[in-house]
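Shown next, in structure tokens, is the structure this report addresses.
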Amino acid sequence: MLARYFRMRGFAVLHPMGWDAFGLPAENEALLRGRHPRVTTEEYAATYRRQLRLVGCSYDWNREFATSDPAFYRGTQWGFLLLYRRGLVYRASGWQWWCPKCRTILANEQVEQGRCWRHPDTPVERRLLDQWYVRTTAYADALATALDQMDWPERIKAMQRNWIGRSEGADLRFRLEGERTQISVFTTRPETVGGAVFLALAPEHPLVRTIATSDCADAVEAFVEEALRRSEVDRVASAAGPAGVFTGAWVIHPLSGSRLPVFVADYVVGHYGTGAIMGVPESDERDATFAARFGIPIPAGATGTAPAGAVVEELLRRGAAVRAVRYRMRDWLISRQRYWGAPIPLVHCPVCGVVPVAEEDLPVLLPEVSRYEPSGTGRSPLAGIASFLCTICPQCGGAAERETDTLDGFADSNWYFLRFADPHARAAWAPDAVRYWLPVDWYVGGAEHAVMHLLYARFFTKVLHDAGLVPFAEPFLRLRNQGSMLSAEDGSRMSKSRANVVTPDEVVDAHGADALRIGVMFLGPFEQDVTWDSAGLTGAGRFLRRMYALVHRHVSSRRDGDVPRGPAGAGGPGNDAALRTRLAEVVTSTGAAIEQFRFNVLVAMLMSFLHDLERWEAGRQGSALWGEVLRTTVLLLAPVVPFLAEEAWAMLGEPGSVHHAAWPEAPTGAASHSAPITVVVEVDGRVRDRLRGRRVGDIVVVPDRVINLVTAPQA
Ligand code: ANZ
Ligand code: ZN
Ligand code: ZN
């Protein structure tokens, strides 16, 4: 609707469609059916393409592509190498989520409540593995700051801010008793240090095993092993309350000099802050529970009531603290041990180390396989394909091995919008076309993209901007989220996997595409979840038939040369002037409703307008005024019900397609407000009358009979 509307308003509209084809869903589907993901992807794309055409979505199919096309993923690989060259890619070993059912590593985002996103009944496990990361945290501040000026739903902005999770505070250093080693803790409340009575390390903390004394080592080891197997959510929000174990080590309080015991605690998160905290029972509830549970003594005089600023100043002065800003956000784990993705364009050379593939050798093609099973070892299926694996080092020419991991699908959705500007460009994108079309003016998608896709794409755009490759730093100016369609049967989200979908095919078959469009819009506000209700389709069908009949009556009375049944302006609830006012009002509010995504309101408005038109019709059908009213009405209907509008347009005898016609101007009433003029009425060049101090209220044309200028006093 938006695309059709803006096109009629005279905008150059780019309304593309393509397929985010790489990734787990396609691969899992292929595994299930034992068929190549490319084949299943093409099959699904064909169905979607047909259905989208069926319901009158005005996509530009010349720009269609799939992210799994080599011409596209060449650009994805190029983008990865850009990040690599800019020092934003690194390899690190880390604890990874592992789904025993998918038999692969999961990104943090793919773990929901400690379970696999694809297998909600399967708790994930943890494995220590080498992975490729993108330093998205380098842009944490820029990503958070820019949100303020963006025309996005507040809800999504809040989710992004939350995801980035910026916290200001300080790192405080505690020296281990009898040693030089220091333990750093991150706190947002450094002024409470006076009340600190213990330190707690995350089970992942590198010092855990070093500092554990021999009599505590076994208990610490057992605790750490158990904790690492559990998911973070499970650990931190455990119903059993905080668990931990004493390491046997003590630290010295930087101000009081008293001894504080060092624990390992499951509620301390390994990747946040320094992975260690100071426990302040008097200010923090969890610390209080922990201290009580382990009988940690509160030393006399341990209190945080000292003036805040003074404490922090003192710590800073003694070098026991540095100011710190921390982000909850983590770097992006971009490697996947999967088949169906763009191969990471790196080579491992025994002499040169990691070497990027030369730009002219891109794309690194995904080899053909007959089996898509994950190896189950944690390595990608590509590791088992010798012809892919064995290569030559781009730097020294010696024998080398290709990287066998593939890129996360978000590497594709990071930049696909640039490709749409010219999907046939030889390079990743065509700079001129990108400058012309982008950034995206209207981005419409589900709220499930609130963080990952939308954050990574914003990150990547900022990198491109910093590299001088695109003239903007934000990819999506306006964002709007549609709600989900819920099934009337079970109230859950319609999805193929739940087999509760109503297909467009069956609805269009029974009611037509325009009825489907109205029926869907009328279900509720655009951004809210709505429950499918086919009852609305009957009303939609009635609306379409009445609208059609209205146009038809006018056209046939014009053809039959009917004389208006009464003096013009006599029929309906008001006079012609009232009709014009009402029409102008509908023109204005239709445009506004579309731009505000108030589609359900728009449909209701058009329905009530139709009702008015039917009452106004008597005495006007066949007239020039009525023709003009219907012409305008059909233009307003074009974005909403494109098929009926096209038909009605032709019936009215208008040339070309209604979808190429200009959107009606809302009459501004300029004539009535400007200085009086004299209008000369001529017939064949001979003056027949002069209209002074009056305005032309109406022009009634009865073909072959009368042209009647109806005047009204100047307002
Ligand atoms: C002492 C203190 C006293 C704290 C107090 C809070 C309240 P945000 O706001 O989310 O940044 N913390 C630091 N690192 C942690 C980790 N790795 N795992 C779990 N908790 C961690 O939270 C910052 C606060 O969370 C820090 O400030 C620290 O506890 C805790 F009355 O230090 B605070
Ligand atoms: Zn799984
Ligand atoms: Zn080499």
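When a ligand or atom number is given, it counts from 1 through the structure's own listing order. Everything numeric in this text was worked out from a predicted model, so none of it was measured.
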Can you list the atoms of ligand 1 that are under 4.0 Å from a heavy atom of T192?
3 (C)

Nearest heavy atom to atom 22 (O) of ligand 1 wins, so pick from R326, R328, E191.
R328

Using a 4.0 Å cutoff against the non-hydrogen atoms of S167, which atoms of ligand 1 qualify?
8 (P), 9 (O), 11 (O)

What residue and heavy atom of the protein are closest to atom 31 (F) of ligand 1, and at what distance?
S283 CB, 2.9 Å

Regarding atom 4 (C) of ligand 1: of the candidates L172, T187, I277, V185, which has the closest heavy atom?
T187

Before we go on, tell me: are the rings of F294 and F246 under 6.0 Å apart, centre to centre?
no

Short check: is a protein heavy atom less than 4.0 Å from atom 14 (N) of ligand 1?
yes

Is a salt bridge present between E43 and R35, judged by a nitrogen-to-oxygen distance below 4.0 Å?
yes

Atom 28 (C) of ligand 1 has as its nearest protein heavy atom F186 O, 3.6 Å

Distance-only N or O hit between ligand 1 and V269, under 3.5 Å
yes

Would you say the ring centers of Y73 and F22 fall short of 6.0 Å from each other?
yes

Looking at atom 17 (N) of ligand 1, tell me if a protein heavy atom falls under 4.0 Å from it.
yes

With the Zn ion (ligand 3) as the apex, the SG/SG angle for C393 and C396 - to 10°
110°

Show me the side-chain donor-acceptor pairs of residues 79-87 shorter than 3.5 Å, one per line, residues at least two apart or across chains.
none

Taking 2.8 Å as the strict upper bound, the Zn ion (ligand 2) has protein N, O or S neighbours numbering 4

Using a strict cut-off of 4.0 Å, indicate which atoms of ligand 1 neighbour a heavy atom of V268.
16 (C), 17 (N), 18 (N), 19 (C)

Between F290 and Y267, is the gap from one ring center to the other below 6.0 Å?
yes

N/O of T188 under 3.5 Å from N/O of ligand 1, yes or no?
yes

Side-chain donor-acceptor pair present, E204, H271, cut-off under 3.5 Å:
no

For the backbone of D405 and the side chain of Q337, can you confirm whether one donor and one acceptor N or O come within less than 3.5 Å of each other?
no

Tell me yes or no: between the side chains of Q160 and W152, is some donor less than 3.5 Å from an acceptor?
no

Are there more than 12 heavy atoms of other residues, nucleotides or ligands under 6.0 Å from atom CG of D218?
no

Whether G273 lies under 4.0 Å from ligand 1, heavy atom:
no

Which ligand 1 atoms are under 4.0 Å away from a heavy-atom of D284?
6 (C), 7 (C)

Do the side chains of E112 and R115 get close enough for a salt bridge, i.e. N-O under 4.0 angstrom?
no

Can you tell me, to 10 degrees, how wide the angle at the Zn ion (ligand 3) is between SG on C352 and SG on C349?
110°

Give me the residue, atom name and distance of the protein heavy atom closest to atom 19 (C) of ligand 1.
Y267 O, 3.5 Å

Please determine if R328 forms a cation-pi arrangement with Y272, meaning its NZ or CZ atom is less than 6.0 Å from the six-membered ring centre and no more than 45° off the ring axis.
yes

Would you say that more than 12 heavy atoms from the other residues, nucleotides or ligands in this model lie under 6.0 Å from the CD of E285, or not?
no

